[in-house]
There are 2 protein chains.
Amino acid sequence: MPTDTKERILDSAELLFSSQGIANTSLRSLTEHAQVNLAAVNYHFQSKDALVQAVLFRRVNPINQRRMELLTALGQPSIGQILDAFYRPAVEAVLAGPEGRAVARLIGRLYSEPGDLLAGQVRALMADTFRTFAESIQRALPGVPQATIIWRLHFCIGIMAHTFGAMELIEGMARGRIAYDDPEAILRQMITFASAGLRAEGESTCAAS
Amino acid sequence: MPTDTKERILDSAELLFSSQGIANTSLRSLTEHAQVNLAAVNYHFQSKDALVQAVLFRRVNPINQRRMELLTALGQPSIGQILDAFYRPAVEAVLAGPEGRAVARLIGRLYSEPGDLLAGQVRALMADTFRTFAESIQRALPGVPQATIIWRLHFCIGIMAHTFGAMELIEGMARGRIAYDDPEAILRQMITFASAGLRAEGESTCAAS
DNA sequence: GTCTATAGGGTGATAGAC
DNA sequence: GTCTATCACCCTATAGAC
């Protein structure tokens, strides 16, 4: 339960933006949901765009910081360890509390949200993390061309973004055969798949690791 | 250059929905772009929601039909062949003509667009294709549990959705080191990565295919 | 810091002439 | 089939009282 106005606005914005989309969420419905006055949004944040940015930063910055901590704590990491450092902070943020689903959708839609304004923000938000992890993977896989590393790291991000952004669709299509109730199991599925993908040989035959 | 009103509306809707988002695109800006009268949208389609559905179906149904054709043409397909049948029709739709980017973003955002209305449509649109490909992969990988197959097929979709939905972001972050100018090369990257991921062993060690 | 009130404009949908 | 005109409503942002 949030206490002050600013936090209540952020929490409601996160929930509504992620479930209905940003453009579909009016400041009126937002302030009604947060039980604050309409003008409070424009007082605490300057505009709706700035509010979007604040919602994003609050969740994604700590995740990226944790990713860096985990990665630098490893000396000469394996591919599996690098992926664990990348995925785990995000999966755990999704775990934490009942607002997890909203955070998941927020992260899941981060990369493909339309609009030039947001695209620039996301790029700035992710650039450092992306570069650091790309370099780490390159060191672990010295034989793989740089362009291939870049494509494959984007594929790893795509796996996560889709797992987080299409939860309802995935659950619905699975008809109970898979579920989101065990985050550690999902993490394991993601790492196993992405790990093999990153280490793939060009002609998709199997070689010694 | 489209000739009749209905097609002009669909083309403009595809372009604007995919570049600005659905909620952010007003029927007024749409009809202005299409050079048709505002009332024409409600005459040819009944509502904005129905227009969204029409835009989706026009592009995705032929792709899914082609996927089925390619898959059934293969007898006992390998994982690489199954993935080619799944990815190629979508990648080639992105290739065809200058509207390719709009189609790509449309497909890329399909799975994570907010709103219950759309989610149900997407599920209905993809259910048959998903089930058929899941069964085909299961036959090619008899030792892998069903739940794992389902997760991994979703990961394969995530790879494609992110590659199509985050083009600007990916190009921007790559700073020229990768590009979208060679669709066959992208297809190869996707298939190589996803193929290794699908065939991964639980403990991410390497086994004979 | 938080409120009310309102400015100024955009929205999807439709009725009815041609 | 295509137009104009319009309805009824929602939107963000801000000025100014408390």
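Letters A, B, ... are given to chains in the order of the sequence lines, protein chains preceding strands, and every chain is numbered from 1. Everything numeric in this text was worked out from a predicted model, so none of it was measured.
Rounded to a whole Å, the CG atom of A:L16 is 12 Å from the P atom of D:dC11. Distance, B:H44 NE2 to C:dA13 C1': 16 Å, rounded to whole Å. Whole-Å rounding puts the B:I9 CD1 to D:dT2 C1' distance at 11 Å. For the pair B:L27 CG and D:dC11 P, the interatomic distance rounds to 16 Å; values are reported in whole Å.
Scored by the salt bridge (charged side-chain N to carboxylate O under 4.0 Å, His left out) test, A:R105 finds A:E168 as partners (sequence neighbours excluded). With sequence neighbours left out, A:E32 forms a salt bridge (charged side-chain N to carboxylate O under 4.0 Å, His left out) with no residue at all. Evaluation of the side-chain contact (heavy atoms from CB on, under 4.5 Å) rule for B:L117 yields B:D49, B:Q121 as partners, not counting sequence neighbours. With sequence neighbours left out, the side-chain contact (heavy atoms from CB on, under 4.5 Å) criterion links A:E92 to A:R88.
Contact check of residues 47-59 of chain B against DNA chain D (heavy atom, cut-off under 4.0 Å) returns no residues at all.
Among D:dT2, C:dG12, D:dA13, the nucleotide with an atom closest to any side-chain atom of B:Y43 is D:dT2.
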Atom pairs, protein N/O to nucleotides 4-10 of chain C N/O, distance under 3.5 Å:
unit_1, atom_1, unit_2, atom_2, d
C:dT4, OP2, A:N37, ND2, 2.8

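A centroid separation of less than 6.0 Å is found between the aromatic rings of B:Y111 and A:H162.
Cation-pi geometry between B:K6 and B:Y43 is not satisfied (NZ or CZ under 6.0 Å from the ring centre, within 45° of the ring normal). Taking the centre and axis of the six-membered ring of B:F193, the NZ or CZ atom of A:R152 falls outside the cone set by 45° and 6.0 Å.
Within the 4.0 Å cut-off from OP1 or OP2 of C:dT2, at least one side-chain nitrogen or oxygen of A:T5 is found.
With respect to B:R58 and B:D11, a salt bridge is recorded, a charged nitrogen being found less than 4.0 Å from a carboxylate O.
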